[in-house]
Amino acid sequence: MTDARPSLSEDIGKREKSYFIKMGIRLVCLVLAFTVPAPLPVRLLLFAGAIFLPYVAVIGANAPRREAPDAFDVTDDSQNEIPRHRREIGS
């Protein structure tokens, strides 16, 4: 496993999958709230899921990409950079 972050298409795919799962759960909550003869507290819980899940789904889909952890710095400030104008041996 690497520390590289996933590609943009993989990231979008995961967000879409998560969004559709949450919206599917919302649809189930909405259908059950209207069709199942349940006590009022259960119906209110189903309605709350149908109302608040779209907000949670959109916030999750629009969240910024997670950055990969920064790799440690391997440069040493005491080392001099090789000048670009230096000629190679044998040229």
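Bear in mind that the values here come from a model prediction, so they are computed numbers and not experimental data.
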From [atom1] ([X]) to [atom2] ([Y]), nearest 0.5 Å:
{"X": "Leu45", "Y": "Leu40", "atom1": "CG", "atom2": "CG", "result": "11.0 Å"}
{"X": "Ser9", "Y": "Lys14", "atom1": "OG", "atom2": "NZ", "result": "10.5 Å"}
{"X": "Lys17", "Y": "Ile12", "atom1": "NZ", "atom2": "CD1", "result": "16.0 Å"}

| query | How would you list all residue pairs meeting ring-ring contact (aromatic ring centres under 6.0 Å, His included) that involve residues 14-45, not counting sequence neighbours? | reply | Phe34-Phe47
At their closest point, which heavy atom of [X] faces which heavy atom of [Y], and how far apart are they?
{"X": "Arg26", "Y": "Ala50", "result": "NE-O, 2.8 Å"}
{"X": "Pro54", "Y": "Met23", "result": "CA-SD, 3.9 Å"}
{"X": "Lys22", "Y": "Leu53", "result": "O-CD1, 3.9 Å"}
{"X": "Ala61", "Y": "Arg15", "result": "O-NH1, 2.8 Å"}

| query | Would a hydrophobic clustering, with Ile, Leu, Val, Met, Phe, Trp and Tyr connected at side-chain separations under 4.5 Å, put Val42 with Val28? | reply |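 Yes: a chain of side-chain contacts under 4.5 Å links Val42 to Val28.
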| field | Same apolar cluster (I L V M F W Y, side chains within < 4.5 Å links), Leu46/Val36 | value | yes
| request: If you link ILVMFWY side chains whenever their heavy atoms are less than 4.5 Å apart, which other residues fall into the same cluster as Phe52? By chain and number, please. | output: Ile51
